Participant: 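Sharing a structure here in structure tokens format.
Computed from a predicted structure; not experimentally measured. In what follows, chains carry the letters A, B, and so on, assigned in the order in which the sequence lines appear, proteins first and then strands, with residues in each chain numbered from 1.
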Amino acid sequence: GENVEQHPSTLSVQEGDSAVIKCTYSDSASNYFPWYKQELGKRPQLIIDIRSNVGEKKDQRIAVTLNKTAKHFSLHITETQPEDSAVYFCAASLANEKLTFGTGTRLTIIP
Amino acid sequence: ETGVTQTPRHLVMGMTNKKSLKCEQHLGHNAMYWYKQSAKKPLELMFVYSLEERVENNSVPSRFSPECPNSSHLFLHLHTLQPEDSALYLCASSPTIGLAGIQYFGPGTRLTVL
């Protein structure tokens with residue numbers, strides 16, 4: 001089955017700087033890659049996703065890039081703000097199949 | 001709350017107790033999921049239901065028993081649990097099983113087994 005690895009497990013950045021979280025996947029047939037944000041004590045929520053037919057997607061301060069050849073994808077957050085502090089999970093799935101999640105990255109924004 | 005709701009939010013139980021977790025979705029979705037979230041581990045998919053039929057059971061111990069009486073409700077019945085079962089149990093739903101990536105999560109039930 002699919003295996004998703006996520007790095008780093010913890011990340012601290014100064015407010016205003018950029019943060020990058022990376023994930024690799026094992027199944028080259030995977031074609032959907034969402035990112036979820038889970039604030040402390042709250043539920044995971046989808047923040048951005050990308051499908052295998054595109055290499056990059058951007059939504060305001062967040063962007064996701066996908067390298068199908070290398071089987072890795074990354075989340076980029078620019079101009080970080082305190083409210084970006086949370087645990088971020090990447091995931092991968094084949095069409096019509098379940099999600100396989102990474103282990104999560106705890107992002108802390110230092111004011 | 002709207003969307004996906006879960007009750008109770010917190011549960012403490014002994015190893016000999018029997019309890020149930022409840023999930024309800026108000027989104028008109030056809031697929032529902034149970035996940036286990038433990039510290040420093042990925043979200044672990046436990047069960048998947050599509051149109052009230054179980055389509056996946058990820059080798060979950062029989063002390064966890066799901067029930068899906070209709071497409072809006074999902075239960076997780078618990079009995080003779082172990083301390084290592086302590087975790088956050090998340091319910092999620094998606095429009096159909098084919099749109100599994102677009103999942104909406106409930107707030108979770110924080111379970112502690114003594």
Participant: Strictly by salt bridge (charged side-chain N to carboxylate O under 4.0 Å, His left out), give each pair with a member in residues 17-32 of chain B just once, sequence neighbours left out.
Facilitator: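 Those involving residues 17-32 of chain B do not exist here.
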
Participant: Quick check: are there more than 12 heavy atoms from other residues, nucleotides or ligands sitting under 6.0 Å from CD of A:Glu83?
Facilitator: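 Enclosed.
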
Participant: What's the separation between atom CZ in A:Phe101 and atom OH in B:Tyr35, rounded to the nearest 0.5 Å?
Facilitator: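 Answer rounded to 0.5 Å: 4.5 Å.
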
Participant: At under 4.5 Å between heavy atoms, what parts of residues 66-93 of chain B are in contact with chain A? List them by residue number.
Facilitator: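 Residues in range: B:Leu88, B:Leu90.
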
Participant: Please answer: with hydrophobic residues joined when any side-chain heavy atoms are less than 4.5 Å apart, are B:Met32 and B:Val48 in the same cluster?
Facilitator: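 Not linked; separate clusters.
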
Participant: List in chain and number order the residues that pass side-chain contact (heavy atoms from CB on, under 4.5 Å) with A:Thr78, two or more places apart in sequence or in another chain; answer none if no residue qualifies.
Facilitator: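 Per chain and number, A:Thr78 pairs via side-chain contact (heavy atoms from CB on, under 4.5 Å) with A:Ser18, A:Arg61.
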
Participant: Measure distances from B:Gln37 to the heavy atoms of chain A and classify the residue's part below 4.5 Å as side chain, backbone, both or neither.
Facilitator: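 Only the side chain of B:Gln37 comes within 4.5 Å of chain A.
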
Participant: Donor-acceptor pairs are to be reported for all side-chain atoms of residues 20-28 of chain A against protein atoms at under 3.5 Å, with residues two or more places apart or in another chain.
Facilitator:
unit_1: A:Ser26; atom_1: OG; unit_2: A:Glu2; atom_2: OE1; d: 2.8
unit_1: A:Ser26; atom_1: OG; unit_2: A:Asn3; atom_2: N; d: 2.9
unit_1: A:Asp27; atom_1: OD1; unit_2: A:Ala29; atom_2: N; d: 2.9

Participant: Is B:Leu111 reachable from B:Met15 through a run of I, L, V, M, F, W or Y residues, each pair having side-chain heavy atoms under 4.5 Å apart?
Facilitator: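 Yes: a chain of side-chain contacts under 4.5 Å links B:Met15 to B:Leu111.
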
Participant: When you measure from the side chain of A:Arg43 to the backbone of B:Val4, do you find a donor-acceptor pair of N or O atoms at a distance under 3.5 Å?
Facilitator: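 Checked: pair present.
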
Participant: Quick check for you: to the nearest 0.5 Å, what is the distance between A:Asp49 atom CG and B:Ile102 atom CD1?
Facilitator: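 Rounded to the nearest 0.5 Å, the CG-CD1 separation comes out at 6.5 Å.
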
Participant: Do A:Leu99 and B:Trp34 belong together in a cluster built from hydrophobic side chains that touch within less than 4.5 Å?
Facilitator: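 No, A:Leu99 does not connect to B:Trp34 through the hydrophobic network.
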
Participant: Within the 4.5 Å heavy-atom criterion, are B:Gln103 and A:Leu46 side-chain neighbours or not?
Facilitator: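 No; the side chains remain at least 4.5 Å from each other.
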
Participant: Using non-hydrogen atoms only, which part of A:Gln38 is less than 4.5 Å away from chain B: side chain, backbone, both, or neither?
Facilitator: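 Contact with chain B involves the side chain of A:Gln38 alone.
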
Participant: Determine, using the 4.5 Å side-chain heavy-atom cutoff (strictly less than), whether A:Leu66 and A:Val54 are members of one ILVMFWY cluster.
Facilitator: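 Yes, A:Leu66 and A:Val54 fall within the same hydrophobic cluster.
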
Participant: Are A:Ile50 and A:Phe89 co-members of a hydrophobic cluster defined by side-chain heavy atoms under 4.5 Å apart?
Facilitator: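 No, because A:Phe89 and A:Ile50 fall into different hydrophobic clusters, even though each may have its own neighbours under 4.5 Å.
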
